[in-house]
Each structure stands twice: as C-alpha cells, then as structure tokens.
Amino acid sequence: MFLEEHDEVIIDDENRSITIKGLKNFNPKHIFECGQCFRWDPEEDGSYTGIAFGKVLNVSKVDDLVVFKNTNFEDFKNIWVEYFDLNRRYSEIKEMLSKKDKYLNEAVKFGDGIRILKQDGWEMLISFIISANNRIPMIKRVIDTLSKKYGVFVQNYNGKDFYSFPSPIAFAETHMQEIRACSTGFRDKYIKKTSEAVILEDFEVNSLREVSGDECRKKLMSYSGVGAKVADCIALFGMQKYDSFPVDVWVKRVMQEFYNAQDMSLPKMRKFGVELFGKDAGFAQQYLFYYVRENQIGK
DNA sequence: GGTCAGGGTAGCC
DNA sequence: GGCTACCCTGAC
C-alpha cells in the first residue's frame, strides 16, 4: 500500500483506528513539533490530535506501534498516507544527509522521526503570513481563533471542537478589524489583501504544485505579506518544493554556529543552503531547525 | 510599565 | 542586492 518500511497494518474500522507495526521514520513529536504545522496539539497521553483537509485525527506512537485514531481505512488510504507522505523513503534521505557533515548527522539523529507533511497550499499561504515576526504559540492561537470564527465546524473530539481552516471567501468577506480582533496584529491587511487577490483571480493555490520551485516561490511572493522566507515555507510545506531552504532566526543561528556564516546576509544564507543540500535542502532545513530550536542553540 | 524578540516584509536606495 | 523603518504581542 505504501513504500515506507513497516511490518504490518492492522485495520480496525469498528473502532476507527489504523495501527502500523514497525513503521520507520515516524515520530509524532518530531513531525508535529518541527515547526511545519500549527494545528496539532499534544494530548495528556502523549498522542497528538489535529485537523487537516477537514478531518480530525489522533496520532500516537507506543513502542513500535504507530496508531491513527478517528479514521477509517478509506480515509487513511486516500488522505493520510498522502498527508504523512508515507510513500517517501526517508531512510534514503537521512542516509544521504547524514553523510553531508557532522552537524547534519547529529540533527538527523536527533529528529530521526521527522516527516515533511503535504499540507494544503492555501492554508500554508495564510498560516505563514501570520508567522511573520511572530512566535509559534501565538501563531497557533491566531489560526485557532480564525478557524473557530470563520471555518466550518467539523467534529468534537476528546472534548474539543475542531473547525476547518477558513476559505479565501471567508476572509475576503470579513472586515479587517474583525480579522485583527483575532490577534493577527499588523498582518490583518496581508490576510485580507491576499484573500481578495486569490478570489479575484479565481486562483487555485494548490495548482502551484505543478510548476517549478522558482516559479512557485515567485508567484507566492506576489501576494501581500509574503516575502522570501514565507514563500519558501509555503513552497516547502504546501507545494512539495523540497529545494526550498527557508532561513528564519533559527536557521540563521545554525548557519552562524555550524557553517561559519557570521557575516552572511539572509539571501546569501538561503543560496548557500540550496547549493549545499540541493534537491533535499528542505529536509535538511527541517532537521536543522528542529535540532537548534529544541536545544536552544545559538541563543 | 519599559524593553525585547519572535520562523519578516515593504519600501527605499 | 543590501539597508532601514516598521509592525503587534506577550513574556520578563
């Protein structure tokens, strides 16, 4: 069914759960806390619950069992295999990157269960506009509030209500002050203008998956509130442009601490990363980001 | 209650 | 391309 190494898949449609035994390169904590997504939160038992593509899912890992709860086999096959990119052989990527240098080798060992999610392009566009000059807990809170107010109710799971991510029209029809009331700060106008632009040109954001990485980033940067860093993130997390190397404060620290780039400008760091790691630059960035942020290196 | 920094961007040269 | 002004919020 999918290529990533595993022993067996246990389907329990009656209890709405899928269990995979011996699934390699999959750690919920690494996946959901490496900074690529904002709508997954840890439960008390260590599992994570989140929403994507209008479906609520709970993911846990106990010993060598990865368990997907609140789903049936149909959705697992059609949505989650793709979302978690289970057809990609991470062992090969990790092996390649580990050989690059000792820092990346260390970072890959540290975040060995990271996978880059294939998230919705539109959701990434707005989410990373919100991320500009913002903190991760705050970004999550803003997205949560916006979804509650302008999204569609999906399900109550474990005592919590889940709402879909708002559509372009929902933002375009909302007054800027109302958007701002969700603690977006100065990014309110970016959300509003970008939504209006997407509506006006009747643009299917996910169609950027079909164009080249450079063309994709260029188009993204034409939207208000999208600069180089944000475009790189959207391209990487929403459009599968793995040759993106987003440079934020943390990656900047990595480059300065590990790669002797003290006096390098941000555009040059980006170029440096892309040239160093090539088509897998995005994967390298995620391992490095998770490693330095979790260990607060360079602060 | 000031100061600081957070997954930066826009606008100007 | 590089530099600067600016942007809002929560934590200390």
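Just so it is clear: chains get the letters A, B, ... in the order the sequence lines come, proteins before strands, and each one is counted from 1. As a basis for the values below, the full set of heavy atoms in this structure was taken, side chains included, without hydrogen atoms, waters or symmetry mates.
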- Query: Looking across every strand, which nucleic acid part, if any, lies under 4.0 Å from A/Phe128 by heavy atom: base, sugar-phosphate, or nothing?
  - Reply: nothing
- Using a heavy-atom cut-off of under 4.0 Å over every strand shown, decide if A/Val251 touches base, sugar-phosphate, or nothing. nothing
- Query: When you match A/Gly225 and A/Trp250 each to their closest nucleotide on DNA chain B, which lands nearer the 5' end?
  - Reply: A/Trp250
- Is A/Val247 touching bases, backbone alone, or none of the nucleic acid, heavy atoms closer than 4.0 Å? nothing
- Message: Just the rounded figure in Å: distance from P of C/dC7 to CE of A/Met176.
- Response: 13 Å
- Query: Which whole-number value in Å describes the distance from A/Lys229 NZ to B/dT9 P?
  - Reply: 7 Å
- Item | Ring centroid separation A/Tyr90 to A/Phe2 under 6.0 Å | no
- Item | Interatomic distance where CG belongs to A/Asn133 and C1' belongs to B/dA5 [whole Å] | 8 Å
- Item | Whole angstrom value for the distance that separates C1' of C/dA11 from CD of A/Gln296 | 14 Å
- Task: Would you check if the distance from the ring center of A/Phe68 to the ring center of A/Phe73 is below 6.0 Å?
- Result: no
- Message: What's A/Pro246 touching, base or sugar-phosphate or nothing? Going by heavy atoms closer than 4.0 Å.
- Response: base
- Query: Contact class for A/Lys268 vs. all strands (heavy atom < 4.0 Å): base, sugar-phosphate, or nothing?
  - Reply: sugar-phosphate
- Query: Under 4.0 Å: is that the gap between some side-chain N or O of A/Arg180 and OP1 or OP2 of C/dC8?
  - Reply: yes
- Message: Nearest to the A/Tyr190 side chain among B/dA10, C/dC8, B/dG8, which nucleotide is it?
- Response: B/dA10
- Any side-chain N or O of A/Ser183 under 4.0 Å from OP1/OP2 of C/dT9? no
- Message: Parallel, tilted or perpendicular, judged at 30° and 60°: which one describes the rings of A/Phe165 and A/Phe171?
- Response: perpendicular
- Message: Using whole Å, what does the distance between atom C1' of nucleotide B/dA5 and atom CG of A/Asp248 come to?
- Response: 14 Å
- Message: Is it the case that the base of C/dA11 and the side chain of A/Arg135 share a donor-acceptor contact (distance under 3.5 Å, atom types as modelled)?
- Response: no
- Under a 3.5 Å limit for both distances, which nucleotide forms a Watson-Crick or G-U wobble pair with B/dG11, could you say? C/dC3
- Query: NA contact type, A/Thr184, heavy-atom cut-off 4.0 Å: base, sugar-phosphate, or nothing?
  - Reply: nothing
- Query: Is it true that atom NZ of A/Lys55 has more than 12 heavy atoms of other residues, nucleotides or ligands lying nearer than 6.0 Å?
  - Reply: no
- Task: Could you state the atom-to-atom distance from CG of A/Asn134 to P of C/dC7 in whole Å?
- Result: 16 Å
- Item | Interatomic distance, A/Ile179 CD1 vs C/dC7 C1' [rounded to whole Å] | 17 Å
- Taking atom C1' of B/dG11 as reference, at what distance in whole Å does atom NZ of A/Lys189 sit? 13 Å
- Note on the structure: Among the nucleotides B/dT9, C/dC7, C/dC8, whichever has the atom closest to the side chain of A/Val230 is B/dT9
- Message: Is the terminal nitrogen or CZ of A/Lys69 (NZ for Lys, CZ for Arg) located under 6.0 angstrom from the six-membered ring centre of A/Tyr157 and within 45° of that ring's axis?
- Response: no
- B/dG8, C/dC8, C/dG10: which one has an atom nearest the side-chain heavy atoms of A/Arg141? C/dG10
- A/Tyr223-A/Tyr190 aromatic ring centre distance below 6.0 Å: no
